[in-house]
Amino acid sequence: MLEPIKENWRVLLLVVVVLGATVALFAPQFGPETAPGESADEATQGITNLQYGLDLAGGTRVRAPLLGYTATDVAFDGENPSQVASDIAAQLDGTSARDVSAVRTTEEGGEVEVTDASVGEDEFRAAMDASGYAYDGIRSGVTQESRDAAEQVIQDKINEAGLSGGSVQQVQSITGEYFLLIEVPGQGRQDVIDLLEERGTVQIAIAYPDSSADDGTAVEEDVLIQDDFEDIGTASRREGSTGAYVPVSVVNEAPEGEQSPAHRFQEASVEYGVASASGGARCNYDMETDSLGEGSDSCLLLVVDGEVVNAFGMDDGLARSMAEGSWADSGNFRLTTTSFADAQTISINLRAGALPAELDISGQGTSSTISASQGENFRLYSAITGIFAVFAVAGMVFLRYREPKVALPMIVTALAEVYALLGFAALVGYPLELAVIAGFIAVVGTGVDDLVIIADEVMSEGEVNSRTVFDSRFRRAFWVIGAAAATTIVAMSPLMVLSLGDLSGFAIFTILGVLIGVLVTRPAYGDILRRLLTIR
Amino acid sequence: MTAIEVPEVDYTEYSNRQLVLVPLAVLALAIVIIGGWYAVTGAPATLGLEFTGGVELRIADDGSGNVEERIETAFDRDPDSIRSIPADDVYVVTFRASDDDPEGLASDLEEQAAAAELETEAIDQVSASFATDTARTAVFGVGLAFLGMSVLVFALFRTFVPSVAVVASAFSDLVIPVAAMNLLGIEMTLGIVAALLMIIGYSVDSDILLNNSVLRRTGEFYESVNRAMRTGVTMTVTSMAAMIVMAIVATVFGIGLLRDIGIILAIGLCADLMNTYLLNVALLRWYKFEGVKR
C-alpha cells in the first residue's frame, strides 16, 4: 500500500504544497491581523488573504534620517550623564539643554548627541572641544537610544492619529547611516508629513511683565514640560466658543526631597502673578509680536515646537486654589487652544511624546505617495502583465515541443510555483508590491528554464525505457539546475539585505521561488515526466 | 507539424579568432559608449530620479483634453519631462532636484498642482543626498553579486579557462544592456539595477549548461555543444519572450518598474545568446583542443 506513495512522493509533496498555499490564501484563520477598531472584513482586501503594499493599495511611504550629531567615545570624567549634557549645552549658543543628551555606554563614558537642527557639525565640534571632555569623533545622526525612542514615538503618533496599518522601522544604508522607514497605507502625503515633521514638543511657559525688557515682557520657559503631564484626555470643544481644550493632570508626586511638577507649577503661577488669592490673571497676549499687550497680567503660554500656539490667563476659582496651595493635590488642568485642530495635535503629541530629533524628510529623505485608485489600477495592470508573460512562456514552450505531454505539465508546474509563493506571501502577511510581482514573473522565467533543461536531458539519447535510465538522466539535469539556482541566489542576495527601495521584495521572492523550484516543483515535474515518458 | 528545432551551427567552419571577434567587438563598442557617456555626463548612464533626486508626479488626465498645456503652466518651475500614459489616463511629470531649492519642493509642487485643479495620483520625492547614497549602494550591490557569482562559478568548475569564459560572458552581458540603455535613452532606475542582478543569475544558466555538457559529459565536443545549445537557446528565447511581453504590456500601462526590468532583461538575454555561443564556445574549444595539452 505504501509503494505508490513512495514512488510518487515528489508529486505528492507538490500537491501538499499547493493545498497548503490554498489554505493560506483562502482560509479566514490566516487572514491579516486586524488593526484596533477594524473588523476582519475590513482587514482583508479582496477574496484572498493577500495583503497589498503601498504601490498596489495606495498610501504614503517616507524614508528619512533623524537630524543630529553624535560625539562618540566621550570620556565623562566621572560626571553623571546629565551633568555632561548640560556642560556641553552651555557651550552651544541658543541650544536648550534638552537638545543635548548624553548616554552612558561604558564605565568611563559614552556618547553625546545634539539634536538641535540649527547646530552644525563644526559648531558641535567646537563646543565639544570647549567643554573639555575628551572624545573620539563626531558622526552625523543620533544615538541608538534616540532612534529607538523615535521609532516608538512615530508608531504611537500614527496609532494616536488613527491611521491604521501604519508601520515604522529602522533601516541602515550602506554608508552606515540610519533611516526611519515609515509606511502608512491609505493616507495622502501631506497628512503623513505634517504628522512626522513636527517634533511635537509641548511645554507651558509663563510670560510676565518686566519693565527692564524692551517689549516689557519676560518669559519663564519650561514651567511644565511634556513629561510633567499624565492622564491626557481627548481634545474637547469648549462650549459656546470656537476654542477647545485638552484635559490633563500634572504629575503631583515626586521622589523624596524633590518638588513635584504640580507643586512647582503652582509656585511659579503664584510667583509670576498668574494666580493670586484675589483671582486669576487676565491675559492679553499679542501673538504677532510675542509680547504682552497693554495692561495685561501675566499669561500662560502653550508652546508647541517652539511656537506659541495659545496664551491664556486663569479663571478665578483655579487661581485661588493655586494661591491656597491646594490645587497641586489633584493637579487637574486644561490646556486651552484657539482651535479644535490644535487641541487634537497637542493631544496626539502629549500621548505619543516628542520626537527626540527632527525627521529630515525634504533634506535627506524620500517620500512617495500613491492614491488608492492608482494603486488598484496597478494591481489590475500588474496581474494582466503577469498573465501575458505566462502566456508568452506557454506559447514558446508549445512551439518548441509541440507535445502537450511535455509542455502542459511544464506550464502547470511553473504556475504551481507562483501559486505556492502567493500562499507563502499570504501566510507570512508579506505585502504584495510591484517589485514582488516582478519577482513572480522572474520565477516563471527561471522555473521554465529549468523544466526545459530537465525535459531536454531526459528526452535526449533516445527512448526512456527504464526507470534507471530516467533517473540517471534526471540526476544529470539536476546538477545544472542546482548550479543555476545557486548562482541566481548568490546574485540576488545582496538586494535582499541592501536598503534599495522596495527591491528587497523582488529579491526575497525570486530566491524563495528558486528554492521552492529546486526542492519541490522541479523534482515533481521529473516524476510526472517519468510517468508519461517511460515505456513499460 | 513538427516541433521547432534550434538550428545546428557548424562551428568547424569558423576559427576561434573569428568566433571571438564579434562578441569582443560588441563588448568594446559597449565599453566605449559607456566610457564616452561617463566623460561627457559624469555618469556611466542617464540616471533616473532615484539616483539624481527630484520629484515625480502622476497627474490624472480628467479628459478635458488640455491637461498637458495646464501641466506646462501650472508649476513655477518647468518640468524636466512630461510623459503621457494613455492606458492609465495619467501624465508622469518629473522635476530634477535643484540645488537652490531642495527644501519642500514636493509640497510646493503638490500645492501648485492642486491650485491648477490637477488631480495628483502619486508623488515620489527623492532628496539629492539620499539619491547619491542609493547610487553607491546599487553599484556596491551589483559588484557584490558579480563577485559572488564568480566565486561560485570557479568553485563549481575548478578549472581556470572555462570559469573565466563564464565570468567574461556574464560581464559582457551586464555591460551591453547598459550601453544599449544609453543609446535607447532609457534612464537608470532601481528596476534596472534589479534587472542587472537578474541578468547575472539568468545569463550564467546557459553558460553553466554549456560548460557542463562539454566538460562533465562524455561525447564529442561539437555534439556536446549542439546538445547544450538546443536546450540553452530554448531557455533563453523562452525567457526573452516573457520579458519582451512584460516590457510591452507594462509600457502600455505605465508601470515603470516592470517595463525597465523587461527591457533590460530582454537585451541582456540577447547579448547572452551571442556571448555564450560565440565567446564561450570559442574559449571552451581552445581549452579543450589546445589549452589542456599545454
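The analysis underlying the following values was restricted to heavy atoms, covering all of them including side chains, and did not include hydrogens, waters or symmetry mates. A, B, ... follow the sequence lines: proteins, then strands. Residue 1 opens every chain. Source: prediction; values computed, not measured.
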Interchain contact, A:Phe506 with chain B, by part (heavy-atom threshold 4.5 Å):
side chain
Can you tell which part of B:Ile261 gets under 4.5 Å to a heavy atom of chain A, answering side chain, backbone, both or neither?
side chain
Let me see the working for A:Glu433 and A:Arg61 under salt bridge (charged side-chain N to carboxylate O under 4.0 Å, His left out), right down to the final yes or no.
CA-CA 13 Å; A:Glu433 290 177 2; A:Arg61 172 189 292 128; 3.3 Å; yes
Qualifying residues under ring pair (Phe, Tyr, Trp, His ring centres under 6.0 Å), relative to A:Phe378, sequence neighbours excluded
none
Pick one of side chain, backbone, both or neither for A:Phe398, based on which atoms fall under 4.5 Å of a heavy atom in chain B.
neither
Is it the side chain or the backbone of A:Ala435 that comes within 4.5 Å of chain B heavy atoms, both, or neither?
both
Determine yes or no for a side-chain-to-main-chain donor-acceptor pair under 3.5 angstrom, with B:Ser213 supplying the side chain and B:Leu210 the backbone.
no
Looking at B:Ser169 and B:Val166, would you say the former's side chain and the latter's main chain have a donor-acceptor pair under 3.5 Å?
yes
Under 4.5 Å to a heavy atom of chain A? For B:Met240 that would be neither
Tell me, for B:Leu152 versus chain A, whether the close heavy atoms (under 4.5 Å) come from the side chain, the backbone, both or neither.
side chain
A:Val393 portion near chain B, given a 4.5 angstrom heavy-atom threshold:
both
Given a strict heavy-atom distance threshold of 4.5 Å, which part of B:Leu209 is in contact with chain A: side chain, backbone, both, or neither?
both
Counterpart residues, side-chain contact (heavy atoms from CB on, under 4.5 Å), relative to B:Leu47 (two or more places apart)
B:Ala43, B:Phe51, B:Thr52, B:Met188
Checking side-chain polar atoms at under 3.5 Å, does B:Ser239 have a donor or acceptor matched by the opposite partner on A:Asp449?
yes
